[in-house]
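To find a chain, count down the sequence lines: A is the first, B the second, and so on, and within it residues start at 1.
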Protein chains: 2
Amino acid sequence: MLETHTDVPASRSPEQAASSPQLSLQSTGCRNVQPVLSRVGDKWSVLIVMILSQGPRRFNELKRQIDGISQRMLTLTLRGLERDGLVTRTVEASVPPKVTYALTELGESLREPVEALGHWAMAHIACIRAAQEGFDARASQ
Amino acid sequence: MLETHTDVPASRSPEQAASSPQLSLQSTGCRNVQPVLSRVGDKWSVLIVMILSQGPRRFNELKRQIDGISQRMLTLTLRGLERDGLVTRTVEASVPPKVTYALTELGESLREPVEALGHWAMAHIACIRAAQEGFDARASQ
DNA sequence: CAGCATCCGGGTGGATACTG
DNA sequence: CAGTATCCACCCGGATGCTG
């Protein structure tokens, strides 16, 4: 569980902090946040994390369960997740080889904010689609 | 990415109507969630949303405030956000023209889950970096 | 001021073939 | 089974130049 939720009380940045140019919002927070956002926005990472949250999986189990992924992207994505410390890779030296992937605690803790985003998406998808259709209709005419 | 194209309706089977305990991101939810995740993972969208959450901004205000963005990407990103109904674009027909961008309620509501993700990122960035360095060290030797 | 048009380099990701 | 290696199409995104 993630009770280390250092709840930052949303220190509203007072717009233009005069002296220091607009490096406040970018370099301070976003340099750290952006890589994480990229991982979440990645085509396959979140899906893999969600599947692994149900339990460890072997390589081809994942491949079968994720419709449309190429083995190249599965490998690459798993390597990336492993590198970030979100997933562990366990090799059992047998014939045939058996490799098991599982979520780390870090990976597990990522599920909460990601699911929050997922819930937001589910709750507002109709609203978004409507906006898109309106926009497209306006643009085409 | 910015092309959150309106996906096919894809009539849902009514099997898991209201009994799904967990938000299944693989089957039903994935198609709805993924475009949103792409937007969040987008290089500039979240940054723009965060800035606009402090109040409406004009085009060049945003451009000045967002270090490193090209005006092409600013335009494209704002169009995408507008299309998704997250941002409004208001043109004041004057000379010189004045265009103001502001968050919609939908855009404002996105801030919460995104900030949750941001907090997660800030809280675990050290952990992630350590994992990455360990991984890289292991890989290079 | 607020864009759009164009070019183009680099990275993402799919398809395919091969290995331990 | 679980990858690696290679080729390649696409398109993201920066730079530049031009409009109203």
Q.
Does the protein touch nucleotides 7-18 of chain C at the base, only the backbone, or not at all? Give it as B, S and - per nucleotide, heavy atoms under 4.0 Å.
A. ------BBBBB-
Q: Quickly work out the B/Lys63 NZ to C/dC4 P distance and round it to whole Å.
A: 15 Å
Q.
How many whole angstroms separate atom CG of B/Leu62 from atom P of C/dC1?
A. 14 Å
Q. Got a sec, which residues hit side chain to side chain contact (heavy atoms under 4.5 Å, CB included) with B/Ala131, two or more places apart in sequence or on another chain?
A. none
Q: Under the side chain to side chain contact (heavy atoms under 4.5 Å, CB included) rule, collect the residues that match up with A/Pro97, sequence neighbours excluded.
A: none
Q | Stretch residues 86-104 of chain B: residues that reach within less than 4.0 Å of DNA chain D through a heavy atom | A | B/Pro97
Q | Partners passing ring-ring contact (aromatic ring centres under 6.0 Å, His included) against B/Trp44 (at least two apart in sequence or in another chain) | A | none
(Q) Among residues at least two apart in sequence or on other chains, which ones pass side-chain hydrogen bond (donor to acceptor under 3.5 Å, both in side chains) with B/Ser53? (A) none
Q. Can you list the residues that meet the side chain to side chain contact (heavy atoms under 4.5 Å, CB included) rule with A/Leu76, with sequence neighbours excluded?
A. A/Arg72, A/Met73
Q: Only counting residues at least two apart or in another chain, list the ones meeting side chain to side chain contact (heavy atoms under 4.5 Å, CB included) with A/Ser140.
A: none
Q. Under the side-chain hydrogen bond (donor to acceptor under 3.5 Å, both in side chains) rule, what pairs show up with a residue in residues 84-93 of chain A, not counting sequence neighbours?
A. A/Arg39-A/Asp84, A/Asp84-B/Gln132, A/Arg89-A/Tyr101
Q | Inter-end axis angle, the helix from C/dC1-D/dG20 to C/dG20-D/dC1, with every axis fitted to five base pairs (rounded, 10 degrees) | A | 40°
Q.
Other residues, nucleotides and ligands only: do more than 12 of their heavy atoms fall within 6.0 Å of CD on A/Glu61?
A. yes
Q | Protein-nucleotide distance (B/Leu74, atom CG; D/dC12, atom P), rounded to Å | A | 17 Å
Q) Residues two or more places apart in sequence or in another chain: which of them pass side-chain hydrogen bond (donor to acceptor under 3.5 Å, both in side chains) with A/Gln71? A) none
Q | Separation of atom CZ in B/Arg79 from atom P in C/dA2, rounded to whole Å | A | 12 Å
**Q.** Length of the line joining A/Phe59:CZ and D/dA2:C1', which is rounded to integer Å
**A.** 6 Å
**Q.** side-chain hydrogen bond (donor to acceptor under 3.5 Å, both in side chains) partners of B/Asp136, counting only residues at least two apart
**A.** A/Arg83
Q: Please determine which of A/Ile51, A/Leu52, A/Val46 meets the side-chain contact (heavy atoms from CB on, under 4.5 Å) test together with A/Ile48.
A: A/Leu52
Q. Quick one: B/Leu78 CG to C/dA2 C1', roughly how many Å, whole number?
A. 11 Å
